[in-house]
Q: 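My structure is below; once you've seen it, I'll send some questions.
In the text below, chain A, chain B and the rest are named by the order of the sequence lines, each starting its count at 1.
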Amino acid sequence: MGKNGFDLVKIDKTVIKETKYVASFVIIFSVLMQAVFLIIAKWNYTVLLGNLWGAAVAIGNFFAMGLFVQKAVMQNEQDARQTVKASQGLRFAAIFMLSVIGIIIFKQTPTRVAVLIPLIFPRFAVMLRPFIKK
Amino acid sequence: MEIAIGIILGCCALGAGAAMIAGIGPGIGEGNAVASACEAIGRQPECKGSVTTTMLMGCAIAETTGLYALVIAILLIFVAPNMLVNILLNAVK
């Protein structure tokens with residue numbers, strides 16, 4: 001137990017490494033998305049803010065998933081299964097709420113799209129994984 | 001006109017609800033993946049790092065299906081109704 005009664009989790013090196021990898025690709029893809037918005041003449045500073053919001057949610061979701069997976073592998077099979085299922089529900093609810101907050105804050109349609117698209121960037125990062133040397 | 005707008009809004013809500021059915025699968029898939037990973041780590045504890053890396057990537061891929069559904073549902077709830085109603089109003093004018 002920590003000083004204030006909280007469990008202090010020691011974050012696994014693998015989780016930090018993979019989160020850095022995913023975060024770097026999310027940033028690269030975000031820059032590409034900004035370029036696309038510039039090309040189609042839909043760019044303004046709110047698109048950038050929306051993109052930052054969505055990217056932060058995507059990276060935070062991956063990091064939270066890593067933490068829950070790290071916790072789950074210390075347990076037995078049944079508990080691990082339950083932990084991950086519960087974490088997935090929690091993370092989905094959190095993503096939904098944060099996305100809706102982003103959409104409520106930003107009223108323009110291109111900005112709303114810019115909030116949502118970064119959520120799927122981690123998938124592209126994982127897809128490119130075999131082509132990147134470790 | 002009100003009926004048409006009502007149908008559009010209702011269909012958007014139904015579509016969003018139907019899309020979120022896809023959110024059930026990733027939880028089950030990730031649960032199975034992690035359970036198998038626990039078994040693997042139990043058999044070979046020295047492989048913990050590589051198993052965790054592979055599992056994280058697998059979980060990320062499994063979760064994407066749900067995220068696609070979530071993105072579609074949010075678009076259907078918050079973005080599509082305005083666009084569709086505007087298109088309808090412009091067509092009527």
Q: Tell me the residues of residues 51-63 of chain A whose non-hydrogen atoms fall below 4.5 Å from those of chain B, in number order.
A: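 When heavy atoms of chain B are the reference, residues 51-63 of chain A contributes A/N61, A/F62 within the under-4.5 Å range.
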
Q: Could you go through B/I61 and A/R129, starting from their C-alpha distance and side-chain angles, then the distance that decides it, and tell me whether this counts as side-chain contact (heavy atoms from CB on, under 4.5 Å)?
A: CA-CA 12 Å; B/I61 288 178; A/R129 179 89 193 180; over 6 Å; no

Q: To the nearest 0.5 Å, what is the distance between CD1 on B/I74 and CG on A/L119?
A: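 Reported value, rounded in 0.5 Å steps: 7.0 Å.
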
Q: side-chain contact (heavy atoms from CB on, under 4.5 Å) between A/E18 and B/T53: does it pass, once the steps are laid out?
A: CA-CA 7 Å; A/E18 297 306 326; B/T53 303; 3.1 Å; yes

Q: With a 4.5 angstrom heavy-atom cut-off, is it the side chain or the backbone of B/N32 that approaches chain A, or both, or neither?
A: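 Both backbone and side chain.
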
Q: Of all the residues in residues 90-112 of chain A, which have a heavy atom that comes within less than 4.5 Å of a heavy atom in chain B?
A: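 Heavy-atom contacts from residues 90-112 of chain A to chain B are A/R91, A/F92, A/I95, A/F96, A/S99, A/V100, A/I103, A/T109, A/R112.
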
Q: Please round to the nearest 0.5 Å and tell me the distance separating atom CE of A/M65 and atom CE of B/M55.
A: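 The CE atom of A/M65 sits 9.5 Å away from the CE atom of B/M55.
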
Q: Determine, using the 4.5 Å side-chain heavy-atom cutoff (strictly less than), whether A/V31 and A/I39 are members of one ILVMFWY cluster.
A: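 As far as the 4.5 Å side-chain criterion goes, A/I39 and A/V31 are not connected within one cluster.
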
Q: Under 4.5 Å between side-chain heavy atoms, hopping through other hydrophobics if needed: is there a path connecting B/L9 to B/I72?
A: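 No: no chain of side-chain contacts under 4.5 Å links B/L9 to B/I72.
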
Q: Got a sec, which pairs hit salt bridge (charged side-chain N to carboxylate O under 4.0 Å, His left out) with one end in residues 53-82 of chain A, sequence neighbours left out?
A: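 Applying salt bridge (charged side-chain N to carboxylate O under 4.0 Å, His left out) to every pair that reaches into residues 53-82 of chain A, excluding sequence neighbours, yields nothing.
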
Q: State yes or no: do A/I27 and A/Y21 share one hydrophobic cluster built from I, L, V, M, F, W and Y residues joined by side-chain heavy-atom distances below 4.5 Å, directly or via other members?
A: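 No, A/I27 does not connect to A/Y21 through the hydrophobic network.
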
Q: For the residue pair A/G66 and B/L56, what are the closest heavy atoms and their distance?
A: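 Shortest heavy-atom separation between A/G66 and B/L56 comes out as CA-CD2, 3.4 Å.
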
Q: Measuring heavy-atom distances to chain B, does A/M127 have an atom under 4.5 Å in its side chain, in its backbone, in both, or in neither?
A: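 For A/M127, no heavy atom lies under 4.5 Å from chain B.
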
Q: Can A/I117 be reached from A/L48 by stepping across I, L, V, M, F, W or Y side chains whose heavy atoms are under 4.5 Å apart?
A: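 Yes, A/L48 connects to A/I117 through the hydrophobic network.
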
Q: Just verifying a value: how many Å separate A/K85 NZ and B/I24 CD1, rounded to the nearest 0.5 Å?
A: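 Answer for the NZ-CD1 pair, A/K85 versus B/I24, is 11.5 Å.
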
Q: Hydrophobic cluster membership, with links at side-chain heavy-atom distances under 4.5 Å among I/L/V/M/F/W/Y: are B/V92 and B/I8 in one?
A: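 Same cluster.
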
Q: Taking side chain as everything from C-beta outward and backbone as N, CA, C, O, which of these in A/Q82 sits under 4.5 Å from a heavy atom of chain B? Side chain, backbone, both or neither.
A: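 Nothing of A/Q82, per the 4.5 Å heavy-atom cut-off to chain B.
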
Q: Please determine, among A/V113, A/I120, A/V22, A/V84, the option with the most heavy-atom pairs under 4.5 Å with chain B.
A: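 Among A/V113, A/I120, A/V22, A/V84, the one with the most close pairs to chain B is A/V84.
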
Q: What residues form a ring-ring contact (aromatic ring centres under 6.0 Å, His included) with A/F121, not counting sequence neighbours?
A: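 Checked A/F121 against ring-ring contact (aromatic ring centres under 6.0 Å, His included); matches are A/F29.
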
Q: Quick one: does B/E30's side chain get under 4.5 Å of A/F68's, heavy atoms only?
A: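 They are not in contact (no side-chain heavy atoms under 4.5 Å apart), so the answer is no.
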
Q: Which atoms of B/L70 are under 4.5 Å from chain A, going by heavy atoms: the side chain, the backbone, both sets, or neither?
A: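 Just the side chain, heavy atoms under 4.5 Å.
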
Q: Grab the two heavy atoms, one from B/V34 and one from A/A80, that are nearest each other, plus how far apart they are.
A: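 Where B/V34 meets A/A80 most closely, the heavy atoms are CG1-CB, 3.7 Å.
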
Q: Is it the case that atom CD1 in B/I3 sees more than 12 heavy atoms from other parts of the structure closer than 6.0 Å?
A: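 Not more than 12 within 6.0 Å, no.
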
